[in-house]
2 protein chains.
Amino acid sequence: MKTVNIKDIAKVAGVGVSTVSRVLNNQPDVKEETKKRVLQIIEELNYVPNNSARNLKRTKTNHIGIFVIGDFSTFFSEVIESLEKILSSNRYSVMLHFHQGMKNTIEAAIQFALEKKLVGLVFLGGHLKKNEEGYLKQLKIPVIFASTVIEEGVDFELFSSVTIDNYKAAYEGVTYLLENGHRRIGMISAGYGDDSVAEARFMAYRDALSDFKVTYDEKLVSGGNYTMASGYKAMEELLDEKVTAVFAIADTMAIGAMKAITDHGLKVPEDISVLGFDGLELGKYMTPSLTSIEQPTRYMGDQAGQILLEILREEVPQHIVLETKFVIGQTTQKI
Amino acid sequence: MKTVNIKDIAKVAGVGVSTVSRVLNNQPDVKEETKKRVLQIIEELNYVPNNSARNLKRTKTNHIGIFVIGDFSTFFSEVIESLEKILSSNRYSVMLHFHQGMKNTIEAAIQFALEKKLVGLVFLGGHLKKNEEGYLKQLKIPVIFASTVIEEGVDFELFSSVTIDNYKAAYEGVTYLLENGHRRIGMISAGYGDDSVAEARFMAYRDALSDFKVTYDEKLVSGGNYTMASGYKAMEELLDEKVTAVFAIADTMAIGAMKAITDHGLKVPEDISVLGFDGLELGKYMTPSLTSIEQPTRYMGDQAGQILLEILREEVPQHIVLETKFVIGQTTQKI
DNA sequence: AACGTTTCTGAAAACGATTGCAGAAAGGAC
DNA sequence: GTCCTTTCTGCAATCGTTTTCAGAAACGTT
């Protein structure tokens, strides 16, 4: 059974294909009467335009890619959901891709964009380095980075972004611990040299310590991979170091850390204070509730979508830095 | 700047377009030498085949849709991730769509499939009713339901599925509570008449009670919407009813319930035992750790992907019911 | 009634791939 | 060298749209 095409519609309606096409695309220059008749026949025959043909002729698609970098966290899933909603309600198709590992990220993204003939691309997470500018130019479509760390010096004309100030937010968090008397503060970080979100947060940790005249001790820093399990393990290592507080760069790891602490017979926050990052809903439902730095996930998805739609029309890159919110829960206390 | 196409390649290589096409599609009947030359030129000119043209000519795409029904939970995000990985590594493109609300679900899915010219469709969540069979036939592509409740009597030839036995799993959980001496068991359910996952679990609850000669009391059932916040609220209502245990049909709601219990000065499990459903990672990291019925989320995504790939080749529908695992944590105790 | 405008319409040429078919080139048998 | 296979190759039609361009139809003006 052949599917109906524009030609069939034209024949039945007794008009030319171009007229049908004009109706489909809501172009002017079609008599109201003709338009109505064509629309009715389209309805009757259950006609659905063939997107492949359309895209071929238009030499572009309506596909927007979401390229997810790194571990897929609860954090990302909220962003993706709000992104998809806003894009698809603007008649775009959303193609999803998870990139594993941190290597060749941008090459993989370009491959993805070219192959799928994307007209726009959203990066979720990861980092953008100065020496990757060239790739960005190669990719001649609007690109927006969400929750990505942008290295200094990258040409802001080449892309858009929706980010938070990781350094500032983390600095604020660690300072809070310091102000509350903590001096032996452990850190649960992530990534090995290539995870810049982790790096920015780490720098903030080091600088905050230094500003309080606390010597940085690398034994107090342990690495994870954003999972609860890794937070648990990292915390176990820190337990030997007699820390009084620990800063985990993700709520998931903070939760793992809390579990490790309790499992070893210690109490949060009496024995060890815990500070997370992300402000996930679930942190608020822990007992005790997690002190954390909250990122506006849904809002971030919305903004990324809005901006992408705008630059798809106007081509003027935008950069916005969203505010984080320091939420004091019950996992931190004065000593 | 025009993008290079198959014709350019042919011209440079000094062969016909059909030869290039044959090389691209790895067809036989091309001399090894010619093939090598063509491949080299493809490489040199950075040629990427135009998918729209391909799809048009082939009269089908390589797009597979993931249609997510209902609230996007942590649960779904794990399934989606493993699904995407397996599909894209088999050269399919994954299109994501979230359907809001429970109305017109299947119509929306058909629209989605036709418009994007999908060659396969994965439903995530929701339910499939007998009277929707017709729609299924209309949709002439392989369809697989994952974590969907299938109404009795639906023709199994029309689709594939990867599910768990919600009734059995919930029955086992509630029975455990009963065997531990609980008689006033509250339930935190969800959905209003249209959420069949919730319904199946509810039926199990009622039947288990009845099998232990406990009269069903509708005041002990409260509704939520799979969020932690809704679990919290639902639990508050149940607190007046002096329940000794509560069964929440999702871990997220169970976590909300635990918070409500603690916030009201009671303890889990001493005062109230809590049983969840899903077996999310985070439940294991709660203190006390959540007793729950574990679903194999990643495995479910894998299986759904595998099966879809198979039926894309062979057209023989498959139905598998995955095993759940009852995980006893620290939130339940004997009374 | 002839003409110029304006409004609307359809034929036909793309877009970039795949594929059936005819036929060229190469190899083998005599 | 001729003829028959076998192996390779290229032409041209086709998929279902969009869009240009020429021209038909409708209308008002004189």
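Chain A is the first sequence line, chain B the second, and so forth, proteins listed ahead of strands; every chain is numbered from 1.
With axes fitted over five pairs at each extremity, the angle between the ends of the helix from C:dA1-D:dT30 to C:dC30-D:dG1 is 50° (10° resolution).
A:Gln27 places its CD atom 8 Å from the P atom of D:dT18, with the value rounded to the nearest Å. Distance A:Asp8 CG to D:dG16 P: 9 Å, rounded to the nearest Å. Note: CZ (A:Arg54) to C1' (C:dG16) measures 18 Å, nearest angstrom. The CD1 atom of B:Ile6 sits 14 Å away from the C1' atom of C:dC15 (whole-angstrom rounding). Across the protein-nucleic acid pair, A:Ile9 atom CD1 and D:dG16 atom C1' stand 12 Å apart, rounded to whole Å. In this structure, NZ of A:Lys11 is placed 12 Å from P of D:dG16, rounded to the nearest angstrom. If you measure from atom CG of A:Leu56 to atom P of D:dT17, you get 12 Å, rounded to the nearest angstrom. What separates CG of A:Asn25 from C1' of D:dG16 is a distance of 13 Å, to the nearest Å.
Picking from C:dG16, D:dT18, C:dT18 the nucleotide with the shortest atom distance to the side chain of A:Ser21 gives D:dT18.
Centroid-to-centroid, the aromatic rings of A:His319 and A:Phe159 come within less than 6.0 Å. Between A:Tyr92 and A:His63, the ring center distance fails the sub-6.0 Å criterion.
A salt bridge links B:Lys85 with B:Glu81: at least one charged nitrogen is closer than 4.0 Å to a carboxylate oxygen.
Heavy-atom nearest nucleotides on DNA chain D were determined for B:Arg58 and for B:Arg37, and the one closer to the 5' end corresponds to B:Arg37.
Counting non-hydrogen atoms under 4.0 angstrom, B:Asn51 reaches nothing in the nucleic acid. No contact: A:Asn55 has no heavy atom under 4.0 Å from any strand.
With sequence neighbours left out, the salt bridge (charged side-chain N to carboxylate O under 4.0 Å, His left out) criterion links B:Lys57 to no other residue.
With 3.5 Å as the limit, one finds a donor-acceptor pair spanning the side chains of B:Ser93 and A:Lys116. No side-chain donor from either of A:His127 and A:Glu151 sits under 3.5 Å from a side-chain acceptor of the other.
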Pull out every protein N or O sitting under 3.5 Å from an N or O of nucleotides 5-14 of chain C, one pair per line with the distance.
residue, atom, partner, partner atom, Å
C:dT9, OP1, A:Thr34, OG1, 2.7
C:dT9, OP2, A:Lys31, N, 3.1
C:dG10, OP2, A:Gly16, N, 2.6
C:dG10, OP2, A:Thr19, OG1, 2.8
C:dG10, N7, A:Ser18, OG, 2.6
C:dG10, N7, A:Arg22, NH2, 2.9
C:dG10, O6, A:Arg22, NH1, 3.3
C:dG10, O6, A:Arg22, NH2, 3.2
C:dA11, N6, A:Ser18, OG, 3.1
C:dA14, N3, A:Lys57, NZ, 2.8

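Rounded to the nearest 0.5 Å, atoms CZ (B:Phe123) and OG (B:Ser147) are 13.5 Å apart.
Within the structure, every side-chain polar atom (N or O) of B:Asn50 is placed at least 4.0 Å from both OP1 and OP2 of C:dG16.
Contact record, A:Leu121 with A:Ala113: CD2-CB, 4.4 Å, taken as the closest heavy-atom pair.
Side-chain atoms of A:Ser89 never come within 3.5 Å of backbone atoms of A:Leu87 as a donor-acceptor pair (strictly under, hydrogens ignored).
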